[in-house]
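Values in this document were obtained by computation on a predicted structure and should not be read as measured data.
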Amino acid sequence: MLENAANLFERLDDTAISYCHWKSNRGLDAGVQGATDLDLLVERRQADAFRDVLHELGFRPASEGATRPLPAVEHYHALDPSGSLVHVHAYYRIISGDSLGKSYHFPLEAMLLENTRRVGLVTVPSEGAELIVFTLRMHIKHTSLVELALLHRDWPHVRREADGLAGREARREAAVLLSTWLPQVDGTLFASAVDALVKPMPLAQRVVIARQIRAQLQPFARYGRVRASMIRTQKLMEAGVARLHGSRRRLVPANGGAVIAFVGAEATGKSTIIQDVEQWLNPHYVVRRVHAGKPPGTVLTTLPNLLLPALRALLPEQRSTSVMRKRIDVEPRGRAGRFPLLFALRSVSLAHDRRALLTHAFAAAANGSIVLCDRYPSLDADALDGSQLAAEVDACDAGPVRRWLARLEARLYRDVPAADLVIRLTAPLEVTLERNRSREKREGDEYVLARRERSLKQTFGRARVVDVDTDRPLHEAKAEVRQLVWESL
């Protein structure tokens, strides 16, 4: 069990807060290890005391992103010393049923809180109480085509959980509790509903039973069937959009989103670190990952970008790397010749695409997303990922067209807002050179040295910049970066 999870359950016991982990207790081990949510039902009258405990232990609230949050349901996260996030999914009422719409309020809170047992440090419902809620939830999911499709995907898990819950004693207890707490549901029908989940009953029979269950639960529906169908459709579309962006969740930090940039010279570990942060946050929050070093094209630049490979092949001396290598080779530099016009146009195009990409990134952050940005424009001319033309103009006899393009490029970079946090990854020169030599796609030492020199010139305005040394065991660097990211949210 993670330290933060253990501390939470111990404090709940110390403060005598009435709670239980009310569902999916076969997966409780995964929850206390941070792999899944901790679904805690809490006595409503103790909600403030529960929130105080969470605050004391460093849990932070999160909210549903684009969707209307469910009533009486809250989300909290805390960073465990292990580096994992503990997610508390707190309920003050049992709002459940279908996966997408959560269309029902089951008035079973007192039943669950009064009939409990212990699994290690955690209070969970008695098996009979849990069987009632599980059976109702699973059958509500049989009453729409969308829910059936989602249920089919998880059906082996549902069968295993039903087998584990539906023992003889649990069934006997469930029958007694049902007649007391939910007399609207017929006991014989409920027994058939349990059998439908445990025995290999055909889908058509399960659907018939589910519709009868739904009819008896109608007094507890949160809205009518037409509206429920509309909400399911909306939720499904939102889930699809989230998947397209690579996020599994639609939660956002209650404090708002952030743009977090990762910068550094060649071979300092940017890709490895960003991938770790993305995989760490993605199960919990809406996360976007962008690459400001290689931004996608816009309406103005898509066609030129498509032609770029051919132009590079025909005019290799006008590539950015060629221009930079010429700068390295001229020592002392003196007054160089005019820089290629194609290089200037490409530099302006790149600045335009970066500004467009980061404008969208800041809009996403304003709506709660956590945006992880690989590389970030610098404010200093001639710095890595900054204005390329200003230094060239100063070093040659540039004409009016080139000077105008240089001013345009500089203005585009000035328009880019400061990131909320810039994590600058560093490593000793000999380490980066060795890492680069071991890459499948490696650059020459001179190129790496020049990129390193330009990275040292980078400035980022009002952004908070923190240096992280990656010349140490990878898990230590990852842990420091996770802590910095968490502090910025």
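A salt bridge links Arg482 with Asp276: the distance from a Lys NZ or Arg NE/NH1/NH2 to an Asp or Glu carboxylate oxygen falls below 4.0 Å. Between Arg26 and Glu161 there is no salt bridge, since no side-chain N of the basic residue sits under 4.0 Å from a carboxylate O of the acidic one.
Glu74 and Tyr92 share a side-chain donor-acceptor pair at under 3.5 Å. For the residue pair Asp353 and Thr301, a side-chain donor N or O sits within less than 3.5 Å of a side-chain acceptor on the partner. With hydrogens and angles left out, the side-chain atoms of Asp380 and Ser378 include no donor and acceptor closer than 3.5 Å. Defined by atom type and a distance below 3.5 Å, a donor-acceptor pair is missing between the side-chain atoms of Asp420 and Ser488.
Between the OG atom of Ser369 and the CZ atom of Phe362 there is a distance of 13.0 Å, given to the nearest 0.5 Å. Considering OH of Tyr91 and CD1 of Ile95, their distance stands at 9.5 Å, rounded to 0.5 Å. Taking CG from Asn25 and SG from Cys20, the interatomic distance works out to 8.0 Å, rounded to the nearest 0.5 Å. If you take CG on Leu384 and CD on Gln458, they are separated by 4.5 Å, rounding to the nearest 0.5 Å.
Under a cut-off of 6.0 angstrom, the local environment of CH2 in Trp155 is crowded, with over 12 non-hydrogen atoms contributed by other residues, nucleotides or ligands.
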Check residues 258-274 and write down every donor-acceptor pair under 3.5 Å in which the side-chain atom is one partner and the other belongs to a residue at least two apart or another chain.
unit_1, atom_1, unit_2, atom_2, d
Glu266, OE1, Arg439, NH1, 3.4
Glu266, OE2, Arg451, NE, 3.1
Glu266, OE2, Arg451, NH2, 3.1
Thr268, OG1, Ala265, O, 2.9
Lys270, NZ, Gly264, O, 3.3

Exercise for the section: Apply the test ring pair (Phe, Tyr, Trp, His ring centres under 6.0 Å) to residues His77 and Tyr285: give CA-CA distance (whole Å), side-chain angles for both, the deciding distance (0.1 Å), then the verdict. Expected result: CA-CA 10 Å; His77 294 91; Tyr285 296 109; 4.6 Å; yes
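Looking at residues two or more places apart in sequence or on another chain, you find a side chain to side chain contact (heavy atoms under 4.5 Å, CB included) between Arg11 and Asp14, Thr15, Val53, Glu56, Leu57. Remark: His55 engages no residue in a side chain to side chain contact (heavy atoms under 4.5 Å, CB included) (not counting sequence neighbours). In terms of the salt bridge (charged side-chain N to carboxylate O under 4.0 Å, His left out) criterion, residue partners of Glu43 (sequence neighbours excluded) are, by chain and number, Arg45. Applying the side-chain hydrogen bond (donor to acceptor under 3.5 Å, both in side chains) rule to Asp385 yields the partners Arg354, Arg375; only residues at least two apart in sequence or on another chain are considered. Remark: Glu10 engages no residue in a side-chain hydrogen bond (donor to acceptor under 3.5 Å, both in side chains) (not counting sequence neighbours).
Taking each heavy atom of Ala365 and Val371 in turn, the nearest pair found is N-CG2, 4.3 Å.
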